[in-house]
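Input: a single structure, listed below in structure tokens.
Sequence lines set the chain letters: A, B, ... in the order given, protein chains first and strands last, and positions in each chain run from 1. Worth knowing before you read on, the calculation uses all heavy atoms, side chains too, and leaves out hydrogens, waters and symmetry mates.
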Amino acid sequence: MAHDELKNQVRRLRFEHGEMTQQQLADKVGVTRQTIIAIEAGKYAPSLPLAFRLARTFGVPIEQVFEYDNNDV
Amino acid sequence: MNKTQKGAWLNVAGVLLVLASTLYITIQIGVRHKPPERVWLCIWVSAFVLVTSIGIFFFRRKQSPAEPESDERDNLIKYRAVLAAFISVWPLFLAASVIPKFIVGANGSIPVFLLPIVTVFMFYIALLVYSVAVLIQYARGAKDGA
């Protein structure tokens with residue numbers, strides 16, 4: 001059975017962008033702080049629009065924020 | 001704590017109060033054949049007012065001025081909680097239909113006032129399941145459970 005894992009660099013990117021807090025990032029992308037916490041912990045895979053909003057906030061392509069790890073495809 | 005979590009905690013507190021008071025009134029009227037004692041009713045009404053006041057105060061407080069009412073993860077959590085509540089209604093309905101037969105027998109009778117109480121109980125237990133399902137999902141969704 002395929003094992004999907006979505007890794008992300010949100011925590012690192014936050015610190016590289018002036019040590020942005022989870023709350024500040026949440027306010028910028030229009031979600032609650034709990035959602036940012038869950039994304040960073042890898043417990044929640046965001047929708048594509050939210051993933052793009054996160055990437056746009058950091059000013060990087062989406063591939064630099066999220067990495068899809070699946071050996072089957 | 002975001003608005004969905006606060007709402008769930010408020011629901012849990014409110015539902016437990018309603019269930020406790022309903023159980024008390026049912027036992028007083030149905031088993032002891034006495035009217036509910038005024039002291040207990042006053043305590044419960046005060047508890048309702050207190051829980052509602054504190055709940056509304058905390059519910060209105062935002063984590064930040066830009067905090068949305070709910071986001072995509074909140075909606076997903078609420079959707080799963082509704083499913084859990086819907087599934088919980090069926091065993092409750094089955095229990096409410098079958099248990100009276102074993103208590104009073106196939107040809108026995110129960111007071112009419114118990115029927116709305118059973119229905120209300122089922123509704124409130126489903127609401128409790130919904131709220132607990134919301135809280136569990138938030139607790140499992142993040143390392144700090146915040």
Side-chain angles (χ1 to χ4, degrees), chain A residues 1-70, chain B residues 1-15 51 54-87 127-146:
Chain A
M1 194 175 158
H3 176 69
D4 296 338
E5 196 174 341
L6 194 67
K7 292 177 180 170
N8 72 81
Q9 301 296 323
V10 174
R11 187 184 294 268
R12 182 178 61 77
L13 287 164
R14 270 198 305 113
F15 281 97
E16 286 176 5
H17 284 75
E19 299 198 357
M20 190 189 290
T21 64
Q22 290 171 331
Q23 187 64 64
Q24 286 169 335
L25 179 59
D27 291 346
K28 282 189 178 177
V29 296
V31 296
T32 62
R33 189 173 67 89
Q34 284 71 23
T35 299
I36 298 296
I37 293 169
I39 291 170
E40 283 188 4
K43 303 262 184 178
Y44 175 66
S47 66
L48 267 177
L50 176 55
F52 275 108
R53 286 205 301 275
L54 284 165
R56 200 164 286 176
T57 302
F58 293 128
V60 294
I62 197 167
E63 296 87 353
Q64 285 186 28
V65 184
F66 294 98
E67 185 187 332
Y68 182 58
D69 187 18
N70 186 326
Chain B
M1 210 183 279
N2 65 26
K3 282 202 162 187
T4 312
Q5 285 172 291
K6 288 175 194 168
W9 277 115
L10 193 59
N11 274 344
V12 169
V15 167
V51 165
I54 293 172
I56 288 172
F57 173 74
F58 280 108
F59 192 75
R60 288 174 68 92
R61 272 184 65 187
K62 286 185 166 189
Q63 294 181 118
S64 79
E67 184 194 351
E69 289 293 315
S70 64
D71 62 21
E72 58 180 48
R73 181 167 170 260
D74 296 328
N75 295 336
L76 184 67
I77 283 173
K78 284 191 265 189
Y79 173 73
R80 286 178 184 155
V82 166
L83 277 183
F86 181 72
I87 290 165
L127 189 58
L128 188 66
V129 170
Y130 169 83
S131 306
V132 171
V134 165
L135 294 173
I136 287 173
Q137 287 181 85
Y138 276 108
R140 289 174 60 185
K143 281 173 183 169
D144 66 358

> Measuring heavy-atom distances to chain B, does A:P46 have an atom under 4.5 Å in its side chain, in its backbone, in both, or in neither?
Replying inline: both
So, for [X] and [Y], which heavy atoms are closest and what is the spacing to 0.1 Å?
{"X": "B:E67", "Y": "A:D27", "answer": "N-OD1, 4.2 Å"}
{"X": "A:T32", "Y": "B:D71", "answer": "N-OD2, 2.9 Å"}
{"X": "A:G30", "Y": "B:P68", "answer": "O-CG, 3.7 Å"}

> Does atom NZ of B:K6 have more than 12 heavy-atom neighbours from other groups under 6.0 Å away?
Replying inline: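 Enclosed: over 12 neighbouring heavy atoms sit under 6.0 Å from NZ of B:K6.
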> What do you reckon, is CZ of A:R12 surrounded by more than 12 foreign heavy atoms closer than 6.0 Å?
Replying inline: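 More than 12 within 6.0 Å, yes.
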>> Between A:Q34 and B:Y138 (side chain of the first, backbone of the second, donor and acceptor by atom type, cut-off under 3.5 Å), is there such a pair?
In response: no
> Atom OH in A:Y44, atom CD in B:E72: separation rounded to 0.5 Å?
Replying inline: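 It comes to 3.5 Å.
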